[in-house]
Amino acid sequence: MDALVERVTAWFADAARDLPWRAPDRTPWGVLVSEVMLQQTPVVRVEPVWREWMGRWPSPADLAAAPTPEVLRAWGRLGYPRRALRLADCARAIVERHGGAVPSDEEALRALPGVGEYTAAAVRAFAFGRRAVVVDTNVRRVQARTVTGDALPAPSYTAAERRLATSLVPDGDTDAAAWAAASMELGAVVCTARVPRCDACPVRDLCAWRLAGFPPDEHAHRRRTQSWDGTDRQVRGRVMATLRGADGPVPRALLTDAGPEAQLDRCLAGLVEDGLAETDDAGRFMLPV
DNA sequence: GATGCGTGGGA
DNA sequence: TTCCCAAGCAT
């Protein structure tokens with residue numbers, strides 16, 4: 001197991017992508033912002049938004065004071081706009097609870113809006129260089145293949161995976177943080193889900209999945225292909241795109257292209273409920289002030 | 001523990 | 001074209 005960690009870490013020292021939230025002048029806040037934006041959203045789409053965002057709101061206090069419509073417009077088309085609201089809530093919580101400085105304690109991080117097990121660990125490791133068990137979808141896949149010998153991890157994160165991940169993390173802060181970054185990077189650029197680049201892998205000779213002859217994914221039948229066409233998500237996305245692009249309040253009549261009447265009303269109510277939209281006295285819709 | 005939640009690009 | 005899926009979280 002040591003060889004796995006050492007070699008992946010050594011590989012990373014050379015192969016790491018040059019990302020702005022990894023720059024020497026990065027801040028804990030910048031790291032936190034990147035982690036939230038990267039929740040289910042690819043690096044290539046996050047990078048330009050992150051740069052714009054950090055130029056505009058370089059500290060938690062800056063974002064805490066930002067008007068919500070500007071926050072939602074700056075979030076743009078990253079997807080899951082509730083993350084933008086939570087990030088603003090998170091900024092306010094950091095100001096109120098921590099004097100405007102991102103905490104390094106994992107429990108305090110976990111208590112922030114939009115920060116779960118993964119993000120708290122990632123911020124601790126990447127922003128503060130401290131030891132943490134950082135397990136994202138990349139790490140799960142790398143573990144599943146190199147150690148367990150499976151093509152892909154189970155659909156949901158298991159206790160066994162957490163135990164294995166914990167056992168792999170080196171003792172010291174520096175080594176642990178390096179392993180976190182390296183294992184994620186390997187999964188992101190080499191040990192990819194669809195077409196892994198095994199010839200570029202630093203640990204192909206010890207990979208349990210390869211040594212077993214690349215057995216197929218045993219969970220394939222359980223991986224539900226998430227339908228998209230006609231979903232509330234699609235309708236909500238269309239409504240939000242319209243509201244972001246509008247200068248002022250939008251009459252409901254201008255939103256009917258988003259979906260069937262009943263579904264539209266359900267989605268509008270949901271967006272208001274979620275704090276992503278508001279109505280005025282005339283019943284028009286807009287981004288929440 | 002299962003669901004709901006956006007979006008766009010690559011195979 | 002269709003399908004898959006990308007640094008998860010909250011409920």
Side-chain angles (χ1 to χ4, degrees), chain A residues 12 16-17 19-22 30-50 72 75-87 89-90 109-127 132-142 151-159 165 177 180-189 191-197 217 219-220 222-244 258-259 263 266-267 270-271 273-277:
Chain A
F12 178 72
R17 288 169 296 175
L19 301 170
W21 45 85
R22 288 176 177 168
V31 172
L32 175 50
V33 170
S34 79
E35 291 302 336
V36 173
M37 289 183 173
L38 287 163
Q39 291 166 3
Q40 303 281 279
T41 303
V43 167
V44 287
R45 284 168 46 206
V46 165
E47 190 167 344
V49 177
W50 183 90
L72 289 171
W75 191 260
R77 307 186 67 81
L78 284 184
Y80 297 139
R82 293 191 294 193
R83 289 183 294 162
L85 296 183
R86 293 202 188 105
L87 187 52
D89 288 340
C90 177
L109 285 164
R110 273 297 313 249
L112 297 171
V115 176
E117 179 176 349
Y118 161 76
T119 302
V123 169
R124 181 159 169 81
F126 304 147
V133 182
V134 183
V135 186
D136 73 331
T137 188
N138 291 304
V139 175
R140 293 185 62 214
R141 188 172 53 249
V142 167
L152 291 170
S156 54
Y157 188 38
T158 66
S183 54
M184 286 177 59
E185 190 81 347
L186 187 71
V189 306
C191 195
T192 54
R194 214 76 77 78
V195 186
R197 301 174 47 213
D217 173 23
H219 303 286
R222 284 193 51 209
R223 294 184 200 285
R224 57 184 297 110
T225 83
Q226 56 174 11
S227 53
W228 170 252
D229 213 48
T231 60
D232 283 7
R233 273 150 105 164
Q234 184 183 44
V235 173
R236 287 167 57 106
R238 287 172 177 157
V239 169
M240 288 303 294
T242 299
L243 297 187
R244 282 196 306 268
Q263 187 181 23
R266 179 172 70 241
C267 289
L271 289 170
E273 174 71 20
D274 290 345
L276 287 165

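In what follows, chains are A, B, ... by sequence order, proteins preceding strands, each numbered from 1.
Proximity note for A:R45 (side chain, C-beta onward) versus B:dA2, B:dG6, C:dA7: the nearest is B:dG6. The side chain of A:R233 sits closest to B:dC5 out of C:dA6, B:dC5, C:dG8. Closest to the A:R77 side chain, of the nucleotides B:dT7, B:dA11, C:dG8, is B:dT7. Minimum atom distance to the side chain of A:D136 is reached by C:dA7, of the listed C:dA7, C:dA6, B:dG6. Closest to the side chain of A:R194, from the set B:dG10, B:dG8, B:dG6, is B:dG10.
Between A:Q40 and C:dG8 there is a side-chain N or O to OP1 or OP2 distance below 4.0 Å.
Put simply, the side chain of A:Q263 gets close to the backbone of A:G230: a donor and an acceptor are under 3.5 Å apart.
No contact: A:A122 has no heavy atom under 4.0 Å from any strand. A:W21 comes within contact range of at least one nucleobase, with a heavy-atom separation under 4.0 Å. Within the 4.0 angstrom heavy-atom criterion, only backbone atoms of the sugar-phosphate kind lie near A:R236; the bases stay farther away. Heavy atoms of A:E117 sit under 4.0 angstrom from primed sugar atoms or phosphate atoms, though from no base atom. A:T119 comes within 4.0 angstrom of the backbone, heavy atoms only, and of no base. Heavy atoms of A:T137 sit under 4.0 angstrom from primed sugar atoms or phosphate atoms, though from no base atom. Residue contacts shown for A:R141 are limited to sugar-phosphate atoms, with no base heavy atom under 4.0 Å away. As judged by a 4.0 angstrom heavy-atom cut-off over every strand, A:R244 is placed among residues touching the sugar-phosphate backbone only. Within 4.0 Å of A:V115, counting heavy atoms only, lie sugar-phosphate atoms of the nucleic acid but no base atom. If you check every strand for non-hydrogen atoms under 4.0 Å, A:L87 touches nothing.
Of the two residues near DNA chain C, A:L38 and A:R110, the one whose nearest nucleotide lies more 5' is A:L38. When each of A:G79 and A:V195 is assigned the nucleotide of DNA chain B with its nearest heavy atom, A:G79 is the one assigned upstream, toward the 5' end.
Rounded to a whole Å, the OH atom of A:Y80 is 13 Å from the P atom of C:dA7. In this structure, the CH2 atom of A:W228 is 6 Å from the P atom of B:dT7, given to the nearest Å. At whole-Å resolution of the value, CD in A:E35 and P in C:dC9 are 9 Å apart.
Under a 4.0 Å N-O distance rule, the pair A:R17/A:E47 does not qualify as a salt bridge.
For B:dG8, its base never sits under 3.5 Å from the side chain of A:T41 at any donor and acceptor pair.
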